[in-house]
Amino acid sequence: MKLDDLKSLSGETKTILQLFDQHPDRAQAFSASTGDLLFDYSKTQIDADIRTALIGLCDQSNLADRRDAMFSGAKINETEGRAVLHTALRNLDGGPVEVDGLDVMPDVLDTLQRMRVFAEEVRGGTYAGAGGSFTDVVNIGIGGSDLGPVMATHALSPYHDGPRVHYVSNVDGAHIADILRQLDPTRTLVIVASKTFTTIETMTNARTARAWMSEGGGDPARQFAAVSSAMDKTRAFGIPEERVFGFADWVGGRYSVWGPVGLPVMIAVGSNAFDAFLRGAQSMDVHFRAAEWIENMPVMLALVGIWHRQVQGQASRAVLPYDQRLLRLPAYFQQLEMESNGKSVAMDGSTLDVPSGPVVWGEPGTNGQHAFYQLIHQGTDVIPCEFMVAAQGHEPELAHHHRLLLSNCLAQSEALMRGRSLEEARSRMAAKGLDGAELERQARHRVFPGNRPSTTLIYPQLTPFVLGQIIALYEHRVFVEGVLLGINSFDQWGVELGKELATSLGPIVDGEEDTAGKDGSTAALVEYALRHRAE
Ligand code: F6P
């Protein structure tokens, strides 16, 4: 069966509630677990036949071969001629991994050990700035060199016992100004994180930080470190080799938090907690490589995604962590999923005949409930929701908060599934004393269509290990969806055109070149900006 054929099954689906009536053990049958993680997809319209058909897609797409090719170092990123081996960064005791006949693990483990030593020296104050031990670390990077460590630093705040860590990504001077304003330039470590070390935002911010440090009595030669694949460029910037942490081109930016890009996280939480983060991810790799498709959590998460987006045509997917410390997870997933699978050309150059990956968005619960859940419950579009929640928080004295959080999370998926019929809404209005036309009118506003799909990922507690499992779970989910769509999830050509045009607009915005050749809208906007600029 092809993806398209699945649409015929789509027309025959029962409501989620009917599926539960028919199959009381549905929650157990339509869930997957690994370690202490439980992924429940029973509140979707996927039944046994649909699941069988979806699983059939895995074999038709040679998923097992593609997966094994990725782990073995084959150059599956065909448009860039690269291997895809972020999994090697967490392969702590998994044996050799070869690229072009060479085992990459000695280098990976050597860099990891250098990171550990450096992180512990910074944390312990044995490596210090011009004014003493480091109180603050500023990571300058964007995209994959920012979103992963920002997300993980927030997520692991209960484990944060190192210096304060700040992140500067935007080229908007407001971002760096607001952060540097609070800091002592003699006791701040700056990490410039850029795989290419050419990204304009990062290099502009790095130069600004260097000037700020020099002017404030700091010592950039000592207080700068770099994370990059481009050693020639870090050298040219003036960062000594002993403070450059490299990684190979087979680590994609959005998959890079496991290696040197995770350095600020390691400085924040320490190398032991960072190791636990890697081990969590590694355990998900082991599961992904070994489990039968039906028990394979990344595969089933991917198939639920394919069912909603490519079969049912639902254009967006909400990621709703009931975990305040995962507040940057939706943004992280936006890059992971949308930069990976937001493509309309298949690996072989043909045009995709199914929709690309969905729009991914979200916010932590319960905040989102008081903002956009109205549309999720009663809007005209069905938005599959991916809930996440821990069984317990990190604050035993606030366990009553956590119980409220958990009950809200469970209530939302239940409400989406159940809905409220017109009949039920009418009796509520009648109980309030309404009747006639007014009862009818008011009741209609209070109807919830229900039968809206959601999944829930539940975990014991947001520990470093669990965070590693969750991130690796989603990485593999994206990989599986990409294989099923037949696209290359590991390039990002779609970001290039805007970068080129920004470069060509530079001198125009500076007023050095005129707007000839630009379209009328762009020219008018440039002219407005020039007219309203103080300088
Ligand atoms: O513009 C997109 C992108 O290339 C991302 O894929 C990447 O994560 C980001 O820019 C930053 O790139 P770099 O780490 O090379 O500065």
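Counting starts at 1 for both ligands and their atoms, following the listed order. Bear in mind that the values here come from a model prediction, so they are computed numbers and not experimental data.
- For R82 and W250, the positive end is not near the middle of the six-membered ring at less than 6.0 Å and at most 45° from its axis.
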Please tabulate, line by line, the atom pairs linking an N/O of ligand 1 to a protein N/O at a distance below 3.5 Å, with the distance in Å to 0.1, or answer 'none'.
from, atom 1, to, atom 2, distance (Å)
ligand 1, 1 (O), K499, NZ, 3.0
ligand 1, 6 (O), E339, OE1, 2.8
ligand 1, 8 (O), G144, N, 2.7
ligand 1, 8 (O), Q335, NE2, 3.2
ligand 1, 14 (O), S145, OG, 2.7
ligand 1, 14 (O), K195, N, 2.8
ligand 1, 15 (O), S194, OG, 3.4
ligand 1, 15 (O), K195, N, 3.3
ligand 1, 15 (O), T196, N, 2.9
ligand 1, 15 (O), T196, OG1, 2.6
ligand 1, 15 (O), T199, OG1, 3.4
ligand 1, 16 (O), S194, OG, 2.6
ligand 1, 16 (O), T199, OG1, 2.5

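- Under a 4.0 Å N-O distance rule, the pair K195/D249 does not qualify as a salt bridge.
- The line from CG of L462 to CE of M388 is 10.0 Å long, rounded to the nearest 0.5 Å.
- With a 6.0 Å cutoff to the six-membered ring centre and a 45° limit on the axis angle, R210 counts as a cation-pi contact of F237.
- Within the cation-pi definition used here (under 6.0 Å to the ring centroid, within 45° of the axis), R243 does not qualify as a partner of F224.
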Please tabulate, one pair per line, all N/O donor-acceptor pairs under 3.5 Å involving side-chain atoms of residues 301-309, not counting sequence neighbours.
from, atom 1, to, atom 2, distance (Å)
H308, ND1, V304, O, 3.3
R309, NE, S356, O, 3.0

